[in-house]
Amino acid sequence: MNTTKSVYKGRFAPSPTGALHFGSLIAAVSSYLQAKSQQGQWLIRIEDVDKTREIPGSAEHILSTLDSLGFEWDDTVIYQSQQTELYEYYLHTLISKGLVYACDCSRSKLKQSATKAGIYPGYCRDKKRSLTSPYALRCQVSSDTVNINDQIQGALCVNLADNCGDFVIKRRDQFFAYQLAVVADDHSQGITDIIRGADLLPSTPIQIYLQQQLEFSTPHYGHIPVAMHAHGQKLSKSHQDLSLHEHDAVETLHQALLFLDQSPPEDLAHSSQSEFWQWAIQNWDIKRISRQREKVFALDLSLGGTL
Ligand code: GLU
């Protein structure tokens with residue numbers, strides 16, 4: 001009898017486009033606690049595939065902030081900018097399946113097109129162009145429905161043809177697109193569970209579709225609500241920097257637990273970091289997180305540091 005239990009592997013995958021803010025902290029905390037509460041591993045991947053958006057120094061800054069907040073990660077940190085060969089490999093698998101075509105549609109042409117915004121109308125699908133630059137490469141979608149069984153948001157069915165159409169996997173500027181990079185990395189790192197913000201929910205059916213085409217298994221997904229200001233702006237947009245003075249760290253983590261509906265006792269906000277993490281791991285329950293895509297949160301701005 002095979003008694004080996006498959007190892008839980010979660011991950012946090014920040015883009016180095018600025019400092020760690022409350023919006024990304026809740027993704028880090030929830031993915032970390034879900035992994036640790038199941039004796040699993042938790043990996044970090046820096047998603048610097050889009051070099052045009054990167055803010056130099058922010059990857060190191062995010063890692064040092066996570067470290068100062070007491071997160072402990074497994075394995076070495078992966079950088080997407082060093083994974084190009086892996087992406088090329090899977091691009092060629094998709095090409096060999098006849099799913100990829102070159103597209104020269106400009107943004108302005110797509111804006112003027114009569115179809116619903118954000119859905120690629122397939123103009124270049126049958127043009128049979130060579131797959132060499134300067135064109136973007138798109139992956140054809142099918143009319144099949146993609147099913148998502150989200151641990152927080154519930155069951156969802158999405159038809160990609162009606163929701164996004166054929167999507168870009170390699171950009172005109174030759175950077176690989178996020179969708180292919182993330183699917184290739186999650187697979188090669190053996191990720192079994194993905195907990196992240198609900199702003200990424202529209203990407204999930206695309207990623208599941210790519211996993212199916214590449215014959216990868218699909219991880220379990222859970223999308224936490226996006227933290228919003230009362231006036232309707234994402235908390236991340238206000239670029240609050242969480243590189244805190246040490247004594248503020250636990251208070252900030254306590255706020256993250258409040259946001260995630262874990263009802264931490266008030267005095268946990270004034271405990272030591274190790275007491276905090278011990279309580280949080282022991283009491284973590286993903287089922288308590290509210291099934292909302294966005295949630296207004298009045299972050300306690302009386303906290304010190306640069307928060
Ligand atoms: N890099 C993405 C971000 O920072 C997260 C991608 C993911 O978790 O799949 O928003």
Side-chain angles (χ1 to χ4, degrees), residues 9-35 40-55 57-63 65-66 71 73 77-83 86-87 90 146 148 150-153 164 167-169 171 175-211 214 216 218-228 234-242 256 260 286 289 293-294:
K9 262 196 186 180
R11 49 68 158 183
F12 176 53
S15 302
T17 52
L20 189 79
H21 49 72
F22 191 76
S24 47
L25 178 71
I26 53 177
V29 167
S30 53
S31 58
Y32 185 70
L33 290 175
Q34 183 66 3
Q41 295 181 7
W42 186 70
L43 312 186
I44 297 187
R45 180 168 72 232
I46 299 292
E47 299 210 320
D48 58 350
V49 72
D50 182 354
K51 284 288 177 197
T52 61
R53 289 181 60 226
E54 180 169 355
I55 297 186
S58 55
E60 296 71 24
H61 190 71
I62 289 170
L63 292 172
T65 307
L66 289 170
F71 288 90
W73 50 91
V77 174
I78 295 265
Y79 287 75
Q80 285 191 323
S81 54
Q82 289 161 21
Q83 298 276 89
L86 185 76
Y87 309 150
Y90 289 120
V146 177
I148 307 169
D150 192 277
Q151 296 179 72
I152 300 163
Q153 305 293 336
C164 73
F167 55 91
V168 173
I169 48 175
R171 301 174 356 179
F175 287 121
F176 279 95
Y178 157 72
Q179 307 293 7
L180 180 60
V182 89
V183 165
D185 288 331
D186 284 334
H187 176 72
S188 83
Q189 292 188 285
I191 301 300
T192 61
D193 291 71
I194 295 175
I195 310 294
R196 60 185 180 187
D199 49 335
L200 289 160
L201 203 47
S203 291
T204 305
I206 298 174
Q207 292 170 17
I208 294 177
Y209 173 76
L210 278 175
Q211 288 153 3
L214 293 166
F216 297 166
T218 289
H220 301 114
Y221 286 95
H223 290 84
I224 62 167
V226 174
M228 308 289 287
K234 259 197 199 178
L235 275 184
S236 58
K237 293 277 183 261
S238 54
H239 302 302
Q240 283 139 339
D241 183 346
L242 290 175
L260 294 163
I286 196 172
I289 301 174
R293 304 233 178 140
E294 291 181 350

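Along the sequence shown, residues carry numbers from 1. Atoms within each ligand, like the ligands themselves, are counted from 1 in listed order.
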Residue pairs passing the salt bridge (Lys or Arg N to Asp or Glu O under 4.0 Å) test with at least one member in residues 192-206, sequence neighbours excluded, are D199-K234
Please list, chain by chain and in numerical order, all residues satisfying ring-ring contact (aromatic ring centres under 6.0 Å, His included) with F216, sequence neighbours excluded. Y90, H187
For ligand 1, run through the N/O pairs with the protein that fall under 3.5 Å and put one pair on each line.
unit_1, atom_1, unit_2, atom_2, d
ligand 1, 1 (N), A13, O, 2.7
ligand 1, 1 (N), S15, OG, 2.8
ligand 1, 1 (N), E47, OE1, 2.6
ligand 1, 4 (O), S15, N, 3.2
ligand 1, 4 (O), S15, OG, 3.2
ligand 1, 8 (O), R11, NH1, 2.6
ligand 1, 9 (O), R11, NH1, 3.4
ligand 1, 9 (O), R11, NH2, 2.9
ligand 1, 9 (O), Y178, OH, 2.9
ligand 1, 9 (O), R196, NH1, 2.7

Once the angle between the rings of F12 and W42 is folded into 0 to 90°, is it parallel (under 30°), tilted (30 to 60°) or perpendicular (over 60°)? parallel
Between I44 and F71, is any pair of side-chain heavy atoms under 4.5 Å apart? no
Residue list, ring-ring contact (aromatic ring centres under 6.0 Å, His included) with W73, at least two apart or on another chain: none
Assess the side chains of R45 and Q189: does a donor N or O sit below 3.5 Å from an acceptor N or O? yes
